[in-house]
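Below, read A as the first sequence line, B as the second, and so on, with proteins coming before strands; counting in each chain starts at 1.
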Protein chains: 2
Amino acid sequence: MDTTWTTRLRDSGLRVTRPRLAVLDVLGAHPHADADTIVTAARAAHPTLSPQSVYGVLQALVTAGLARRVEPAGAPALFELRVGDNHHHLVCRACGVVVDVDCAVGYTPCLTPSDASGFVVDEAEVVFWGFCADCRADTAESAPAQG
Amino acid sequence: MDTTWTTRLRDSGLRVTRPRLAVLDVLGAHPHADADTIVTAARAAHPTLSPQSVYGVLQALVTAGLARRVEPAGAPALFELRVGDNHHHLVCRACGVVVDVDCAVGYTPCLTPSDASGFVVDEAEVVFWGFCADCRADTAESAPAQG
DNA sequence: CCGTCTCTTTTGACCGGATCAAGAAAAGCG
DNA sequence: CGCTTTTCTTGATCCGGTCAAAAGAGACGG
């Protein structure tokens with residue numbers, strides 16, 4: 001995979017460095033990792049890696065279009081490598097786990113709001129909130145009824 | 001309006017206090033205000049109001065279902081009074097202005113992801129990102145092409 | 001293969017938004 | 001009016017993330 005990442009970094013005009021390869025490798029293994037998780041996991045490959053370096057790497061990757069930043073409300077930012085496809089996220093209110101989902105109707109039904117109010121919309125970000133199978137079982141007796 | 005708020009607070013089991021009425025009044029005038037804006041504006045009616053008090057009031061309102069908290073990525077949390085209807089938001093990447101939009105198809109087309117992966121979904125949060133009419137005019141020559 | 005330049009990483013301080021905890025004040029009720 | 005409970009105030013604290021300067025490593029030319 002390092003070969004692939006090397007190519008992709010070069011194609012994006014970015015230098016190939018150990019911190020970047022380490023972060024990319026972690027993102028490949030953890031599809032929705034937050035910065036702290038990335039730091040911890042990436043240190044397996046690069047023990048002296050600092051949190052700030054990871055922030056720098058992530059920002060470079062996002063700017064280059066190699067990674068995408070997702071910020072669920074009330075949670076630290078997550079990073080993922082799947083870019084370019086219009087997929088969305090399913091977030092568990094209890095454990096915070098994030099799962100990718102394709103848009104409900106196949107193409108992009110939500111990309112056109114009923115009234116754009118003069119806006120030029122370039123992205124529709126959809127977050128489905130709920131409870132995953134595991135947490136639903138755990139909290140079956142005290143499920144909050146919302147909305 | 002105070003009369004209405006008084007009734008709604010009582011109906012929700014909350015005591016009627018000046019800070020709460022002040023915050024509700026501000027939310028009525030600013031449909032998508034952040035905490036800082038609320039503090040500043042509410043001080044017109046209650047000069048000694050502290051930021052922490054506003055946070056407390058907002059949390060109480062959200063818990064009681066009188067207000068809703070919205071957290072666009074990269075921006076401080078916003079609060080709005082429109083609750084219960086399944087409306088979404090249009091956010092300008094340049095100036096940050098937020099506009100309400102009804103869901104594209106009238107009812108809730110996005111509430112059912114194609115594959116829920118065992119999740120029980122209770123809310124679909126949709127954020128449309130783009131540029132508002134004013135900012136589109138301002139940045140017409142350097143519009144970023146994304147996605 | 002080495003020197004040089006530029007981009008990255010590292011280190012450290014710093015910032016804003018938000019939360020937590022304890023005492024003072026006010027709302028609600030009899 | 002006085003009591004009880006909720007709420008507001010005050011202050012400290014936490015966390016994720018950013019900013020700036022200096023050390024280090026990648027990439028290109030010789």
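- By the 4.0 Å N-to-carboxylate-O rule, B:Glu123 lies close enough to B:Arg68 to be salt-bridged with it.
- Which of C:dA27, C:dT9, C:dC7 sits closest to the side chain of B:Thr17 comes down to C:dA27.
- Considering only side-chain atoms of A:Thr48, the nucleotide from C:dA27, C:dT10, C:dA18 that sits closest is C:dT10.
- When the nucleotides C:dA18, C:dT10, D:dA27 are ranked by their closest atom to the side chain of A:Arg15, D:dA27 comes out on top.
- Here the P atom of nucleotide D:dT6 and the CZ atom of B:Arg10 are 16 Å apart, to the nearest Å.
- The two residues B:Leu14 and B:Ala64 come nearest to each other via the heavy atoms CD1-CB, 3.7 Å.
- Where B:Ser50 and B:Leu14 each meet DNA chain D at their nearest nucleotide, the meeting point lying more 5' is that of B:Leu14.
- Contact detail for B:Phe119 and A:Cys92: the closest heavy-atom pair is CE2-N, 3.5 Å.
- Along DNA chain C, the nucleotide closest to B:Val16 and the one closest to B:Asp34 are compared, and the more 5′ of them pairs with B:Asp34.
- For the pair A:Arg18 CZ and D:dA27 P, the computed distance is 10 Å after rounding to whole Å.
- For the residue pair B:Asp102 and B:His88, no side-chain donor N or O sits within less than 3.5 Å of a side-chain acceptor on the partner.
- Across all strands, A:Ala77 comes closer than 4.0 Å only to sugar-phosphate atoms, never to a base (heavy-atom distances).
- Distance CZ (A:Arg20) to C1' (D:dA27): 13 Å, rounded to an integer number of Å.
- Across the protein-nucleic acid pair, A:Gln52 atom CD and D:dG16 atom C1' stand 11 Å apart, rounded to whole Å.
- Straight-line distance from the CD atom of A:Glu71 to the C1' atom of C:dA18: 15 Å, rounded to whole Å.
- In this entry the distance linking CD of B:Gln59 with P of C:dA18 reads 12 Å, nearest Å.
- Note: CG (B:Leu58) to C1' (C:dA18) measures 12 Å, nearest angstrom.
- Residues A:Glu80 and A:His30 have side chains that never bring a donor and an acceptor to within less than 3.5 angstrom of each other.
- In this structure, B:Tyr55 atom OH and C:dA21 atom P are separated by 18 Å, rounded to whole Å.
- Note on B:His46: a side-chain N or O is less than 4.0 Å away from OP1 or OP2 of D:dT9.
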